[in-house]
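Remember, predicted model here, so these are calculated numbers, not experimental data. No hydrogens, no waters, no symmetry mates; every other heavy atom, side chains included, goes into these values. In what follows, chains are A, B, ... by sequence order, proteins preceding strands, each numbered from 1.
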There are 2 protein chains.
Amino acid sequence: MNKVKIGIIGVGNMGSNHCVNILEGKAPEVELRAVADIRETRRTWAKENLPDTVTIFEDGDELIKSGLCDAVFIVTPHYDHPGLVIKALEHGLHALCEKPAGVYTKQVREMNRAAAKSDRIFAIMFNQRTNHLYRKMHELVQGGTLGAIKRVNWIITDWYRTQAYYNSGDWRATWSGEGGGVLLNQCPHNLDLLQWICGMPSTVMAKCHNGKWHEIEVEDDVTAYLEYPNGATGVFVTSTADAPGTNRFEITLEKGKLVCEDDGLTLYMLDTNEREHCHTAAEGFKKPEGRYVELETDGANPQHMGVLNAFAARILHGTPLVAEGAEGINGLTLSNAMHLSSWLGKAVQIPFDEELFLEELDKRRKASGLKKEVKEVTFNTEGSYGSK
Amino acid sequence: MNKVKIGIIGVGNMGSNHCVNILEGKAPEVELRAVADIRETRRTWAKENLPDTVTIFEDGDELIKSGLCDAVFIVTPHYDHPGLVIKALEHGLHALCEKPAGVYTKQVREMNRAAAKSDRIFAIMFNQRTNHLYRKMHELVQGGTLGAIKRVNWIITDWYRTQAYYNSGDWRATWSGEGGGVLLNQCPHNLDLLQWICGMPSTVMAKCHNGKWHEIEVEDDVTAYLEYPNGATGVFVTSTADAPGTNRFEITLEKGKLVCEDDGLTLYMLDTNEREHCHTAAEGFKKPEGRYVELETDGANPQHMGVLNAFAARILHGTPLVAEGAEGINGLTLSNAMHLSSWLGKAVQIPFDEELFLEELDKRRKASGLKKEVKEVTFNTEGSYGSK
């Protein structure tokens, strides 16, 4: 087998983009064999823009059962991710799932159980893990050379979206359609990176503001406070209404400080562990000595196609994925914990009560109102998904 | 009268520094006539280092009653500030008070009442208000040209202190001696600037960690979440154990973003109000247009001597103070609200219950332990009080 025959389920903003990239040869070990979309407008787009070699289905089930594909790439609204992944694996297909892994962890846990039983490859589209800067942060923090984490602060408020964006599809920014707002749609990348680089916190206290800046029923502004098992603290701030917005990820550790901002990563490294210095220094105000250290990275940032190529290479050659599908639950756990904390108005311990979360989510899904002014539009997403 | 005859009450780290500056001619309209300190070691320092024209008293009361001075500068531990200010005003002296105004707002409210009834000048040492960058931020935000505030984020973790610092005086970092830790000792400047530039929040939710990094009973690590009357949110993070630490103050407004970091201030200004753009743009991902704007400041940053000189000039010529004494209560209100929120484990509305705060503080004062290993030291404070 030379190429992985892939079917893309869901060809909206993102899915159509992936089709074009594959057809342009950006995933040389992948062959686009089929697409599926329940919306006629999107099937029409496929008919007009994709070659005849690509079969068009009305839904993902048909595509999965068609026998045309070795693998599926699931780019549907979030609620459908786990069900489609499970179905694909059951039919012997490999599955690459867009982020988030799902909407609630209980659902994702079922998907992970199915994947654990299957011999098929299961990957998730955490394309920002391919960014050389975040890879370097992961390596430095998880490698341990900087000592334990003391503080984390990520201000990620450059996910700007207009009201027109939210009006562009009736599933967008609704409890019933997306299961949340900025945490479910824009931030899965950041929440995954946060846990990939810093590990999982043990306590989350968050304030999610629903429809603060846009006419939507879900959150478009979140501030979360985190506590880690070792006592470290963190803050995560996000919004879709800040302009120009900020993307600044700071990690303070016992032996230094990392700051990733505006496509740059700096490391200030201490000569001694601060914890030791604090208790041995005779001076009252003297900081441990340190200096900025030049960081070398490979500069590569292949993003979505990097994840897709790694997926194909794993199938064909057994090489590593960018992100194992089962890891998708971690970022979603953070997102669910933030929602739950905000709904309950108190701190939430991880692991939290997944039944309670689902009950609370279901209350909101039942009350979920269809948006009045929907104008279905497919935007060009170029440069919009934090491809730095 | 050519010069203001001043007496300095409290000549520890900071007070001795002020004496030296006055004697070096840095406050040309001020004449140092007396000092007072209850500690013999400090009076010995005064005897050895100050000219014979400076009378040395064993306590502030004696200095106030001596008739030698027109004004006092109070540089004692925080609990004594309001009592000494009230006494000075009652004896017809002008008063300049070190920050914080006091330890609890109830006490400071009494001081402000006394000052309101007096015709004497009452000022407070908010020396960081003299910084040209913070003055520019105040002017831009309060001037209204950038529209309403949407988000504030101040990471001020460069107040580094070693254990030796905390061991240097038995009043330091105790509930009975200081009434708090980093919020009462290091952050009064920042909390004052925060309210001076952004106004007062209406809700505070904070987590104060006591003795997290040092062997002390009070907080040395704080994360606070703020909500403003207009719905804006904020985060304030501080610590005395981060190295190298961060001082980054970001304000996002409807028409731009200000960031003050590392002795620089940047303004990104939008061509349109983001709120209008959000609801009128046809594009989904398009941010409002904008650009970095060159900011001009006068570059001046006279710090403590600037505040002292303005105090003398107000007395002699009726010109404006850097900070009216009565404004000291605002930053302290923030500090008290953060403590109270952390003690109660819930959000606190401003104004909060001042009796409840005092009850809770008194519980901690009663249980307050004297530190075992105290080694009285007077440090050179140069460069330690955020003189940027």
Undergrad: Is any side-chain N of the basic residue among Asp221(A) and Arg151(B) closer than 4.0 Å to the acidic one's carboxylate O?
TA: yes
Undergrad: If you round to the nearest 0.5 Å, how far is OG of Ser168(B) from CZ of Phe285(A)?
TA: 7.5 Å
Undergrad: Could you tell me which portion of Thr233(B) (side chain, backbone, both or neither) has an atom closer than 4.5 angstrom to a non-hydrogen atom of chain A?
TA: both
Undergrad: Let me know if Ala243(B) has heavy atoms under 4.5 Å from chain A in its side chain, its backbone, both or neither.
TA: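 Interface part for Ala243(B): both.
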Undergrad: Once you round to the nearest 0.5 Å, how far does OG1 of Thr162(A) lie from NZ of Lys286(B)?
TA: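 Reported value, rounded in 0.5 Å steps: 11.0 Å.
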Undergrad: Counting only non-hydrogen atoms closer than 4.5 Å, does Glu250(B) touch chain A with its backbone (N, CA, C, O), its side chain (CB onward), both, or neither?
TA: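 Only the side chain of Glu250(B) comes within 4.5 Å of chain A.
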Undergrad: Ignoring hydrogens and angles, tell me if any N or O in the side chain of Lys212(A) forms a donor-acceptor pair with the backbone of Gly231(B) under 3.5 Å.
TA: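 The answer is yes, because a donor-acceptor pair under 3.5 Å joins these two groups.
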Undergrad: Taking 4.0 angstrom as the limit, do Lys207(A) and Glu227(B) come out as a salt bridge?
TA: yes
Undergrad: With a 4.5 angstrom heavy-atom cut-off, could you sort out which part of Asn153(B) is near chain A: side chain, backbone, both or neither?
TA: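 Contact with chain A: side chain only.
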Undergrad: Could you grab the distance from atom CZ of Arg248(A) to atom CD of Glu261(B), nearest 0.5 Å is fine?
TA: 5.0 Å
Undergrad: After noting the C-alpha distance and the side-chain angles of Thr223(B) and Val235(A), does the key distance pass the side chain to side chain contact (heavy atoms under 4.5 Å, CB included) rule?
TA: CA-CA 8 Å; Thr223(B) 303; Val235(A) 172; 3.4 Å; yes
Undergrad: Does any heavy atom of chain A fall under 4.5 Å from the side chain of Ala347(B), the backbone, both, or neither of them?
TA: neither
Undergrad: Heavy-atom pairs under 4.5 Å with chain A - which of Ala241(B), Ala282(B), Gly284(B) has more of them than the others?
TA: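 Result: the option with the highest number of such pairs is Gly284(B).
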Undergrad: Using non-hydrogen atoms only, which part of Val259(B) is less than 4.5 Å away from chain A: side chain, backbone, both, or neither?
TA: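 For Val259(B), no heavy atom lies under 4.5 Å from chain A.
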Undergrad: Against chain A, label Thr246(B) side chain, backbone, both or neither, depending on which of its atoms sit under 4.5 Å from a heavy atom there.
TA: both
Undergrad: Taking Lys287(B) for the side chain and Gly245(A) for the main chain, is one N or O donor matched with an acceptor at less than 3.5 Å?
TA: no
Undergrad: Please assess Lys150(A) against Trp213(B) for the test side chain to side chain contact (heavy atoms under 4.5 Å, CB included), listing each intermediate value before the final yes or no.
TA: CA-CA 10 Å; Lys150(A) 296 164 70 179; Trp213(B) 308 110; 3.7 Å; yes
Undergrad: I need the Tyr160(A) OH to Glu274(B) CD distance, nearest 0.5 Å.
TA: 3.5 Å
Undergrad: Highest number of heavy-atom pairs under 4.5 Å with chain B: which of His214(A), His277(A), Arg275(A)?
TA: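 Highest number of heavy-atom pairs under 4.5 Å: Arg275(A).
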Undergrad: Between Pro244(A), Ser239(A), Gly234(A), Ala281(A), who has the most heavy-atom pairs with chain B when the cutoff is under 4.5 Å?
TA: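 Of Pro244(A), Ser239(A), Gly234(A), Ala281(A), Pro244(A) has the most heavy-atom pairs under 4.5 Å with chain B.
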Undergrad: State whether the side chain of Arg161(A) and the backbone N or O of Cys278(B) hold a donor-acceptor pair below 3.5 Å, judged by distance alone.
TA: no
